[in-house]
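Excluded from the calculations below are hydrogen atoms, water molecules and symmetry mates; all remaining heavy atoms, backbone and side chain alike, are included. Only a predicted model underlies this, so the values are computations on that prediction, with no experimental measurement involved. Atoms within each ligand, like the ligands themselves, are counted from 1 in listed order.
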Amino acid sequence: MTAVDDARALLARPAVGVWSAPGRANLIGEHTDYNEGFVLPFAIAQRTVAAVALRDDDVIRVRSTFAPGSVEVSLAELDARIAAGGLDWAGYPLGVAWALRTAAPDAAPRGVDIALASEVPVGAGLSSSAAIEGAVASALNDVWNAGLDKIALARVGRTAENDAVGAPTGIMDQMASMLGEADAATFLDCRTLETRPVALGFDEAGLAILVVDTLVEHAHSSGGYRERRASCEQGAAAFGVPALRDLTVDDLPRAAEILDDVTFRRVRHIVTENQRVLDTVAALDADGPTAIGDLLTASHASMRDDFEISVPELDLAVETALSAGALGARMTGGGFGGAAIALIPTELVPAATEAVHAAFAASGFRAPNVFTVTPSEGARRDA
Ligand code: GLA
């Protein structure tokens with residue numbers, strides 16, 4: 001059974017259409033999005049599918065393969081239910097419906113049944129939430145005749161995440177999920193939302209991206225993510241600039257003088273990470289994927305030492321992958337758990353997988369999920 005079949009089966013009525021959107025892995029550019037900087041994520045092949053049927057009333061009913069039962073909210077009550085919160089996973093699809101209604105005042109909202117089936121691992125740092133948002137936003141955009149383009153739908157997903165679910169994230173994940181292309185990463189300027197696909201050429205170079213999902217759970221609506229964001233805002237305020245995007249490596253000596261040590265290191269991560277994204281794009285364009293390994297590994301060191309968002313499991317995954325022959329490796333996503341990625345010759349994938357399992361066992365860590373991901377197409381209508 002495919003996820004499309006699963007979603008149709010769960011809907012238990014004939015669908016008027018089926019839409020899907022993928023998770024993403026971020027190749028490089030971490031925590032730079034909400035600093036109006038640069039990111040280079042790619043959509044992965046694992047997708048979340050939304051099958052939709054029309055209703056005669058004004059109720060939105062959502063079901064999913066990842067939680068039992070269904071949640072029903074009428075369009076008349078939607079604002080109040082979103083404001084009240086506590087919707088759990090249903091906050092993502094219902095938050096999208098709520099945000100879409102505001103973003104597209106000319107749309108024609110109506111009652112729908114939505115059934116969701118997902119192949120994207122939850123909590124792995126691969127944006128299972130952006131995949132739900134992208135699938136539902138694409139579906140309701142068509143069914144409600146909202147007429148929004150992909151960037152506007154990415155914004156709708158982000159609004160759902162920030163204001164309905166309450167996670168203070170940037171827009172990288174939604175943009176990657178909406179705009180992904182096969183064999184390419186999405187280079188995104190998070191200030192202007194200008195994007196460009198950057199060819200990756202992993203296959204041709206005999207390379208693969210290995211994911212090590214540590215199964216250490218993270219939640220961006222709480223704790224560390226919010227704190228890092230606050231430190232970045234403090235750093236930008238100290239320089240009197242709207243966002244850390246406006247600083248370059250030449251500003252770092254001054255940053256060291258005027259900021260406390262912790263804020264300085266947070267700022268240094270963002271400023272150097274923005275530069276690493278630009279360098280990675282230039283290296284891919286000029287020399288292809290074999291040229292980017294050191295940039296990926298430098299990004300991990302910066303997150304581990306300056307931004308302090310890694311965990312021992314992620315560090316071990318990175319070190320083990322490098323020892324097993326990866327050209328570069330880094331944690332991906334928000335941090336505090338989730339997954340690491342390694343750029344590795346395809347023929348070394350089985351041995352590296354074994355090495356990671358052995359290293360985790362030797363350290364007494366929970367056995368991770370280790371698998372490869374393929375740069376793939378973004379959100380689409382499937383049927
Ligand atoms: C999470 C957020 C993104 C981004 C990353 C860190 O995935 O959803 O907006 O901030 O963390 O790069």
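Ion pairing between R254 and E257 holds under the 4.0 Å rule for side-chain N and carboxylate O.
A 4.5 Å side-chain heavy-atom check between F336 and R228 finds at least one atom pair inside the cut-off.
Proximity of R24 to ligand 1 is established by a heavy-atom distance of less than 4.0 Å.
Residue T32 has no nitrogen or oxygen atom sitting less than 3.5 Å from a nitrogen or oxygen atom of ligand 1, judged on distance alone. An N or O contact shorter than 3.5 Å is missing between N26 and ligand 1 by distance. Polar contact with ligand 1: present for H31 (N/O pair, distance under 3.5 Å).
Under the 4.5 Å side-chain heavy-atom criterion for Ile, Leu, Val, Met, Phe, Trp and Tyr, I151 and L100 are members of the same hydrophobic cluster.
Per-residue contacts place T169 under 4.0 angstrom from the following atoms of ligand 1 (heavy atoms of the residue considered): 2 (C), 8 (O), 9 (O). Close contacts between ligand 1 and D33 involve ligand atoms 3 (C), 4 (C), 9 (O), 10 (O) [criterion: under 4.0 Å to a heavy atom]. For ligand 1, the atoms lying closer than 4.0 Å to a non-hydrogen atom of M172 are 4 (C), 5 (C), 12 (O). Close contacts of ligand 1 with G170, meaning ligand atoms under 4.0 Å from a residue heavy atom, involve 9 (O). Near G333, the atoms of ligand 1 lying under 4.0 angstrom from a non-hydrogen atom of the residue are 6 (C), 11 (O).
Note: F365 and F360 have perpendicular aromatic rings, judged against thresholds of 30 and 60 degrees for the angle between ring planes.
A side-chain donor-acceptor contact under 3.5 Å links T263 and D260. A side-chain N or O of H300 and one of D315 form a donor-acceptor pair less than 3.5 Å apart.
The environment of E233 atom CD is dense: over 12 non-hydrogen atoms of other residues, nucleotides or ligands sit within 6.0 angstrom.
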